[in-house]
Undergrad: 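A single structure is presented below for examination.
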Amino acid sequence: MLNGDAHQLPDGATVLDAVRAVGASADGRGVAAAVDGEVVPRGQWESRPLSGDERVEVLQAVQGG
Amino acid sequence: MSALEIAGRSFESRLIIGTGGFRSLDAMRAAVQASGADVATVALRRVDPTARGSILELLDDCGCFVVPNTAGCFTARDAVATARLAREALETDWVKLEVIGDDKTLLPDPGELLDAAEQLVGDGFTVLPYTNDDPVLARRLEDAGCAAVMPLGSPIGSGMGIANPYNLRLIVEAARVPVILDAGIGTASDAALAMEAGCDAVLLASAVSRAEDPAVMATAMRKAVEAGYAARRAGRIPRRLYGEPSSPVEGVAELT
């Protein structure tokens with residue numbers, strides 16, 4: 001699951017692939033990713049592989065009070 | 001105005017602007033500039049690939065220090081996880097902690113709020129909690145190590161002003177950390193009253209972002225915060241039941 005939707009990523013996909021798949025800028029400013037609720041630091045996006053049953057959230061800063 | 005100090009950091013303006021509710025980024029830019037605010041809050045949400053423009057670039061241009069919030073969280077667990085994501089996204093350990101207990105009034109959940117505040121302080125965050133106007137809870141948050149307390153005037157977005165000025169006064173008198181009136185401001189006089197009551201700053205979003213002319217309202221809020229702060233420092237006259245002449249009572253001519 002990627003941002004609440006079922007999403008097919010290729011085998012061997014990483015958190016970085018998930019970040020790119022939702023259209024976030026890969027340089028990562030203002031963007032954060034979590035896998036099953038745990039933050040994955042930006043420096044580990046490329047090395048953190050994903051398995052099919054994990055929930056990935058990719059968030060960014062938006063307008064808010 | 002002397003500077004606002006929070007957690008060892010100094011800010012020129014005592015008006016903090018929430019960025020929620022603006023009709024466009026252009027409207028936000030004009031209002032943030034007019035407000036003179038040098039702190040702005042943002043939320044964290046799922047990436048929307050259709051969104052245009054960068055709010056962070058805009059706030060950088062305006063010279064604002066950006067503080068993420070945990071809006072939308074109903075449990076300490078969610079708020080702590082959101083704060084950690086925000087720290088990663090924005091490279092700041094400051095967080096406006098919001099843990100809502102009721103989706104109709106948007107009032108904070110005191111138990112979850114205190115729990116989250118304790119966890120985040122322990123995790124090295126600079127925690128600015130949005131809290132009920134409850135002097136005891138404010139003290140508990142301060143004791144937990146929060147860098148400020150941010151009592152509501154009235155529910156978020158209600159524009160109902162300061163519903164319980166007595167409680168606000170008790171919070172201000174007891175606090176040893178900055179008190180920031182957060183939520184409920186409807187118009188400029190509400191912001192002035194908050195500052196006259198001794199608040200160190202005012203945080204508002206909807207009152208400006210949803211005004212018919214956000215930039216003009218932002219100007220009004222800037223002036224109101226400055227005026228209220230100055231009036232508080234100046235020391236107001238006591239309220240009297242009867243009038244007291246300001247012209248001399250002696251030396252009045254007898255003309256008829």
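Proteins come first, then strands; the chains are lettered A, B, ... in the order of their sequence lines, and each starts at number 1.
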Undergrad: Salt-bridge test for Glu91(B) and Arg42(A): reply yes if a basic N is under 4.0 Å from a carboxylate O, no otherwise.
TA: yes

Undergrad: Which members of residues 1-9 of chain A, sorted by number, sit under 4.5 angstrom from chain B on a heavy-atom basis?
TA: Asn3(A), Gly4(A)

Undergrad: Answer yes or no: is there a side-chain heavy-atom contact under 4.5 Å between Gln63(A) and Ile55(B)?
TA: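 Yes - at least one pair of side-chain heavy atoms lies under 4.5 Å apart.
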
Undergrad: Hey, could you give me the CD/CZ distance between Gln60(A) and Arg46(B), rounded to the nearest 0.5 Å?
TA: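 These two atoms lie 12.5 Å from each other.
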
Undergrad: Please give me the minimum heavy-atom distance between Ala205(B) and Gly65(A), naming the atom from each residue.
TA: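 Closest pair (atom of Ala205(B), atom of Gly65(A), distance): CB-CA, 4.1 Å.
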
Undergrad: Do you know which two heavy atoms are closest between Leu56(B) and Gly30(A), and how far apart they sit?
TA: CD1-CA, 3.4 Å

Undergrad: Of the listed residues (Val66(B), Ile17(B), Val47(B)), which shares the most heavy-atom pairs with chain A below a 4.5 Å separation?
TA: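 It is Val47(B).
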
Undergrad: Could you work out, with side chain to side chain donor-acceptor pair (under 3.5 Å) as the rule, every residue matching Asp38(B), not counting sequence neighbours?
TA: none

Undergrad: Looking only at heavy atoms, which of residues 18-34 of chain B get nearer than 4.5 Å to chain A?
TA: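 If one takes a 4.5 Å heavy-atom cut-off, the residues of residues 18-34 of chain B near chain A are Gly18(B), Thr19(B), Gly20(B), Gly21(B), Phe22(B), Leu25(B), Met28(B).
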
Undergrad: Got more than 12 heavy atoms from elsewhere within 6.0 Å of CD, Glu54(A)?
TA: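 Yes.
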
Undergrad: Among Val39(A), Val22(A), Val40(A), Val62(A), which residue forms the greatest number of heavy-atom pairs with chain B at distances under 4.5 Å?
TA: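 Winner by heavy-atom pair count: Val62(A).
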
Undergrad: Sub-4.5 Å heavy-atom contacts with chain A: which residues of residues 181-188 of chain B show up?
TA: none

Undergrad: Side chain, backbone, both or neither: which part of Leu203(B) has a heavy atom under 4.5 Å from chain A?
TA: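 Leu203(B) touches chain A through side-chain heavy atoms alone.
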
Undergrad: Heavy-atom count check: over 12 atoms from other residues, nucleotides or ligands less than 6.0 Å from Arg77(B) CZ?
TA: no

Undergrad: If I compare all heavy atoms of Ala61(A) with all of Leu44(B), which pair ends up nearest, and what's the gap?
TA: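 Nearest pair, atom of Ala61(A) first, then Leu44(B): N-CD1, 3.8 Å.
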
Undergrad: Testing the basics here: between Ala32(A) and Leu85(B), what is the closest heavy-atom pair and its distance to 0.1 Å?
TA: CB-O, 3.2 Å

